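Worth saying up front: this structure is predicted, and the values here are computed from it rather than measured. Counting starts at 1 for both ligands and their atoms, in listed order.
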Amino acid sequence: MSTLLEVSGISVTFDGFRAINNLSFQIGPAELRAIIGPNGAGKTTFMDIVTGKTRPDEGRVIWGERSISLLKLSEAQIARAGIGRKFQRPTVFEDQSVTENLLLALKASRNPLAALLWKPKAADMDRVQALATQVGLLDALPRKAGELSHGQKQWLEIGMLLAQEPRLLLVDEPAAGMTLAEREQTTALLVDLAKTRAVVVVEHDMEFVRRLNCRVTVLHEGAVLAEGSLDHVTKNQDVIDVYLGR
Ligand code: ADP
């Protein structure tokens, strides 16, 4: 299988504390992956490195067919190269409609000068409809984002990220605070998205990870402790010890 993102041997030290310790990670171009691990395992720092927010002290982060080093790119360049990140709290424009939010996201996906001159055309409205359909919000297009449920806001934000056509989507705890029905819809959405791009989900909720039914990477003390199906990693004695605090 080909590799979209290859992280090898990265380490980060904060004030003498090694938050990431010789971590390597690979993901393919159409793969769904869950990253789990106890608090402080390094999950957030790992995503910060991939998105250019934090620079590793050592190691390589290689992207795409042309094997570009992401360590040479700024955060904005990495986003434009095709890496989108969804934080846990949705940051949608509450007093704007779902349509307006998606249009703003389309506008933001242009370069700054093009965005300044941009006026939505019929093709952009088609794209808004397609994005809304993809994230299950077609009926909600005229509604203000502030009136949406928590789950719908999360899907809207995913739709806004999709406007940038990311080839890798990093999603932080998507199921947190969702109802059971919303979780099921979110599972279906993430599985669907991973058919045409790489999706990395950082998640604490093991029931949700089970539903994703994907390869799982377990982080501990800034390194990969185990990798494989959820059943495989939860039988690993090191993983059991870490989770039971032994
Ligand atoms: P996780 O997301 O798995 O909970 P983090 O990546 O947030 O873990 O943190 C890994 C470790 O690095 C933690 O011990 C955390 O306290 C430490 N850490 C993270 N960011 C910083 C920072 N900016 N300065 C100092 N320590 C940090």
Check your understanding: Looking at ligand 1, does G222 have a heavy atom less than 4.0 Å from it?
Key -> no
Point to revise | Lys/Arg-Asp/Glu bridge criterion (N-O < 4.0 Å) met for E94, K153 | key: yes
Exercise for review: Report yes or no: does a heavy atom of G42 sit under 4.0 Å from some atom of ligand 1?
Suggested key: yes
Check your understanding: If you count the atoms of ligand 1 from 1 in the order shown, which ones are under 4.0 Å from a heavy atom of P38?
Key -> 3 (O)
Practice item. For D205 and A176, indicate whether the former's side chain and the latter's backbone hold a donor-acceptor pair under 3.5 Å. Key: no
Review point. Can you list the ligand 1 atoms lying under 4.0 Å from a non-hydrogen atom of F17?
Key: 11 (C), 12 (O), 14 (O)
**Study point:** Note: E75-K53 ion pair, threshold 4.0 Å (strictly below)
**Key:** no
Practice item. Spell out, as yes or no, whether a donor-acceptor pair under 3.5 Å connects the side chain of W63 to the backbone of L4. Key: no
Check your understanding: Based purely on interatomic distance, does D15 place a nitrogen or oxygen under 3.5 Å from a nitrogen or oxygen of ligand 1?
Key -> no
Revision key, fill the gap. among protein heavy atoms, the one nearest atom 5 (P) of ligand 1 is T45 OG1, 3.6 Å
**Study point:** Carboxylate-amine/guanidinium contact K144 E100, below 4.0 Å
**Key:** no
Point to revise | Identity and distance of the protein heavy atom lying nearest atom 12 (O) of ligand 1 | key: A19 CB, 3.2 Å
Review point. Would atom 1 (P) of ligand 1 count as contacted, meaning some protein heavy atom under 4.0 Å?
Key: yes
Exercise for review: Before accepting this row, confirm whether a basic side-chain N of the pair D231/R210 lies closer than 4.0 Å to the acidic partner's carboxylate O.
Suggested key: yes
Check your understanding: Applying a 4.0 Å heavy-atom criterion (strictly less than), which segment of F46 is in contact with ligand 1: side chain, backbone, both, or neither?
Key -> neither
Practice item. Check ligand 1 against N39 and write out every atom of the ligand that is under 4.0 Å from a heavy-atom position of the residue. Key: 4 (O)
**Study point:** Ligand-residue contact atoms, ligand 1 with A41, heavy atoms, under 4.0 Å
**Key:** 1 (P), 3 (O), 8 (O)
Exercise for review: Using modelled atom types only, decide if a donor and an acceptor are shared between the side chain of R55 and the backbone of L71 within a distance under 3.5 Å.
Suggested key: yes
**Study point:** R127/E165 salt bridge by N-O under 4.0 Å criterion
**Key:** yes
Check your understanding: Would you say atom 22 (C) of ligand 1 has a protein heavy atom nearer than 4.0 Å?
Key -> yes
Exercise for review: Provide the number and element of each atom of ligand 1 under 4.0 Å from a heavy atom of F14.
Suggested key: 18 (N), 19 (C), 20 (N), 21 (C), 22 (C), 23 (N), 24 (N), 25 (C), 26 (N), 27 (C)
Review point. Do E227 and R33 meet the salt-bridge criterion of a basic N to acidic O distance under 4.0 Å?
Key: yes
Check your understanding: Within the structure, does G40 bring an N/O atom to less than 3.5 angstrom of an N/O atom in ligand 1?
Key -> yes
